[in-house]
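Okay, structure first, notes after.
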Amino acid sequence: MSHNTIHWFRKGLRLHDNPALIAALKDCRHIYPLFLLDPWFPKNTRIGINRWRFLIEALKDLDSSLKKLNSRLFVVRGSPTEVLPKLFKQWKITRLTFEVDTEPYSQSRDKEVMKLAKEYGVEVTPKISHTLYNIDRIIDENNGKTPMTYIRLQSVVKAMGHPKKPIPAPTNEDMRGVSTPLSDDHEEKFGIPTLEDLGLDTSSLGPHLFPGGEQEALRRLDEHMERTNWVCKFEKPKTSPNSLIPSTTVLSPYVRFGCLSARTFWWRLADVYRGKTHSDPPVSLHGQLLWREFFYTTAVGIPNFNKMEGNSACVQVDWDNNPEHLAAWREARTGFPFIDTIMTQLRQEGWIHHLARHAVACFLTRGDLWISWEEGQKVFEELLLDSDWSLNAGNWQWLSASTFFHQYFRVYSPIAFGKKTDKHGDYIKKYLPVLKKFPTEYIYEPWKAPRSVQERAGCIVGKDYPRPIVDHEVVHKKNILRMKAAYAKRSPEDKTINKGEKRKASPSIKEMFQKKAKR
DNA sequence: GTAAGGTTGTTGCC
DNA sequence: GGCAACAACCTTAC
């Protein structure tokens with residue numbers, strides 16, 4: 001049978017290692033590569049302007065790659081459950097393919113869509129390619145329990161064998177006998193909108209440091225993989241949070257949108273490692289991909305993963321409600337130059353180093369301001385190009401010592417931490433020009449500078465740059481005691497998500513489909 | 001029940 | 001630059 005197929009792009013904005021797309025082209029007459037601008041996302045999540053730009057660029061790149069295969073991308077605005085049935089009818093669709101997405105909204109959306117597809121007699125083929133492994137299987141292989149430590153996850157996936165090898169992008173050979181019906185008004189009806197078309201305010205767009213798209217992703221991957229010595233020696237904790245040129249790969253935004261396949265990344269690293277001495281997980285680059293896998297797994301296994309309440313793995317903390325402090329943190333005016341610099345870089349450029357994320361996350365939550373990690377999660381969701389539902393929630397829980405990480409007495413100093421890798425404060429001077437003339441001695445704590453020094457630097461603390469909003473020395477000690485109290489309140493059954501019976505079986509979309517297909 | 005280990009803390013001393 | 005002390009959490013493995 002010759003199918004009319006929609007391949008629905010959501011994440012996975014790429015042609016390489018895209019098994020659902022390859023499946024779409026099999027026994028296919030007409031292929032419709034589709035992207036839906038689902039209003040649910042801007043309504044229920046935060047998408048900053050830099051993230052929008054990255055997405056639009058990724059779509060443009062996809063369209064240009066599809067053109068080379070004599071196809072095009074169809075961009076349609078509207079909710080999937082409304083748009084897809086119309087397209088099923090209009091295009092006489094018999095098959096729908098897409099990449100599995102484990103986020104809660106995606107899961108419920110896809111279940112609805114699969115129900116509709118059945119009504120319309122459309123066959124559905126979901127494929128796993130966003131993660132290294134089938135996340136449901138990781139939990140199954142761990143006796144139905146969510147792995148709560150990285151070491152546990154490592155031993156589970158080790159027993160599962162290597163991640164699958166990536167598959168190549170479709171070629172003109174794969175496209176033989178397959179066509180995309182295009183109308184003369186394709187651009188008007190299905191073209192990729194500009195940021196202006198979407199009614200977005202582009203005045204706060206930052207410098208264009210990380211253009212979106214698969215081609216850019218693969219180019220950057222090649223560039224980094226050529227640095228074999230650097231790749232083999234990579235140890236995450238030893239990279240610098242405040243170097244002027246990123247000390248890590250910054251491939252995360254590309255992996256987030258699926259412009260780069262995690263499996264492609266994994267196997268390219270394996271090629272570099274082969275026959276050489278190299279670092280290992282958790283600190284190696286392979287280790288970083290496994291951290292991603294870890295948080296994807298816990299996000300599936302732990303209900304209410306992006307919240308404190310109703311999240312049984314999460315320590316329940318009496319966080320303060322302090323809108324002034326929250327705004328100061330978000331808007332880079334805490335009075336701590338290291339913190340304000342990181343928040344400035346985040347807002348302008350959409351990326352900050354992992355350890356810089358640690359510093360500002362600790363500061364907002366258990367370190368200084370005692371504000372809920374959920375508030376920080378919202379800000380990162382908006383501003384980080386690589387912000388991802390599972391990873392964002394997981395890392396905020398980690399840093400706030402709410403879940404996974406429990407050594408709450410280890411507190412980052414907003415003054416000392418940055419000095420380790422940037423003694424002179426060059427990073428601060430780059431992003432906070434108001435402090436540019438401050439002598440090195442006071443760059444991390446300008447409020448300590450004598451008045452004459454402040455005057456010479458052309459920056460009076462309290463007037464041109466804020467005074468620190470808290471006394472770190474006092475407040476961090478107090479907060480350690482508050483954490484101690486929060487931990488003491490935990491009842492024994494709070495202490496582990498896996499106490500009691502196994503996680504009730506909730507079959508993945510792929511498994512549901514397989515079960516249906518067998519009938 | 002206990003010991004070991006946990007990506008990535010800070011300070012002060014040598 | 002290395003090391004101990006600081007205070008002491010959790011999960012896992014035995």
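What you see below is based on every heavy atom in this structure, not just the backbone, and it leaves out hydrogens, waters and symmetry mates. Below, chain A is the first sequence line, B the second, and so on; all start at residue 1.
- Within 4.0 Å (heavy atoms only), A:Lys419 reaches no atom of the nucleic acid at all.
- Atom CG in A:Asn479 sits roughly 18 Å away from atom P in B:dG9 (whole-Å rounding).
- Checked options A:Arg263, A:Lys127, A:Lys165; the residue passing with A:Asp17 is A:Arg263 (criterion: salt bridge (Lys or Arg N to Asp or Glu O under 4.0 Å)).
- A donor atom on one side chain and an acceptor atom on the other are found under 3.5 Å apart for A:Asn142 and A:Arg152.
- When rounded to the nearest whole Å, the span between CD of A:Glu473 and P of B:dG9 equals 17 Å.
- With rounding to whole Å, A:Asn142 atom CG is found 14 Å from C:dT11 atom P.
- Side-chain proximity of A:Arg490 to the nucleotides C:dC10, B:dT7, C:dA13 is greatest for C:dC10.
- Between A:Trp351 and the options A:Thr248, A:Leu346, A:Leu209, A:Asn50, a side-chain contact (heavy atoms from CB on, under 4.5 Å) holds for only A:Thr248.
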_Criterion side-chain contact (heavy atoms from CB on, under 4.5 Å) on A:Leu385 and A:Arg256, from CA distance to verdict_ = CA-CA 8 Å; A:Leu385 292 174; A:Arg256 151 67 178 83; over 6 Å; no
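- Counting heavy atoms from C-beta outward, A:Arg14 and A:Ser261 have side chains that approach closer than 4.5 Å.
- Classified by interplanar angle (parallel below 30°, tilted 30° to 60°, perpendicular above 60°), the ring pair A:Phe404/A:Phe295 is perpendicular.
- Cation-pi contact between A:Arg220 and A:Tyr254: absent, since separation from the ring centre below 6.0 Å together with deviation from the ring axis within 45° is not met.
- Evaluated for a side-chain contact (heavy atoms from CB on, under 4.5 Å) with A:Thr297, the options A:Thr102, A:Val156, A:Asp136, A:Ile135 yield exactly one hit, A:Ile135.
- For the segment residues 345-359 of chain A, the set of residues with a heavy atom within less than 4.0 Å of an atom of DNA chain B comprises A:His354, A:Leu355, A:His358, in numerical order.
- Checking C:dC10, B:dT7, C:dT12 against the side-chain heavy atoms of A:Thr149 singles out C:dT12 as nearest.
- Taking the six-membered ring for Trp and the full ring otherwise, A:Trp373 and A:Trp398 have centroids separated by 6.0 Å or more.
- What separates CG of A:Leu289 from P of B:dT7 is a distance of 17 Å, to the nearest Å.
- If you check every strand for non-hydrogen atoms under 4.0 Å, A:Gln288 touches a base.
- Using a 30° and 60° split on the angle between ring planes, A:Trp266 and A:His286 fall in the parallel class, below 30°.
- The stretch residues 397-417 of chain A comes close to DNA chain B through A:Trp398, A:Gln407, A:Arg410, A:Val411, A:Tyr412, A:Ser413, A:Ala416, A:Phe417, each having a heavy atom under 4.0 Å from the strand.
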DNA chain B in dot-bracket form (Watson-Crick or G-U pairs under 3.5 Å, [ ] crossing, | inter-strand) is ||||||..||||||
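- Between A:Phe305 and A:Trp389, the angle of the ring planes lies from 30° to 60°, which puts this pair in the tilted group.
- A ring-centre distance under 6.0 Å is found for A:Tyr408 and A:Tyr487.
- Here the C1' atom of nucleotide C:dA7 and the NZ atom of A:Lys484 are 8 Å apart, to the nearest Å.
- In this entry the distance linking NZ of A:Lys477 with C1' of C:dC6 reads 11 Å, nearest Å.
- Distance check: A:His224 NE2 to A:Leu251 CG gives 5.0 Å after rounding to the nearest 0.5 Å.
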Table of protein N/O atoms under 3.5 Å from nucleotides 1-5 of chain B N/O atoms:
none

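- If you measure from atom CG of A:Asp368 to atom P of B:dT10, you get 11 Å, rounded to the nearest angstrom.
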Atom pairs, protein N/O to nucleotides 2-5 of chain C N/O, distance under 3.5 Å:
none

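- Residues A:His472 and A:Phe363 place their aromatic rings such that the two centres sit no closer than 6.0 Å.
- As rounded to the nearest Å, B:dT11 and C:dC9 have P atoms that lie 22 Å from one another.
- For the pair A:Ser402/A:Trp319, a side-chain contact is recorded, criterion being any heavy-atom separation below 4.5 Å from C-beta on.
- On the C1' atoms, B:dG6 is 13 Å away from C:dA8, given to the nearest whole Å.
- Ring centroids of A:His325 and A:Trp370 are separated by 6.0 Å or more, keeping the two rings apart.
- Residue pairs meeting the side-chain hydrogen bond (donor to acceptor under 3.5 Å, both in side chains) criterion with at least one member in residues 436-445 of chain A, sequence neighbours excluded, are A:Glu445-A:Lys448.
- Atom CZ in A:Arg152 sits roughly 16 Å away from atom C1' in C:dC10 (whole-Å rounding).
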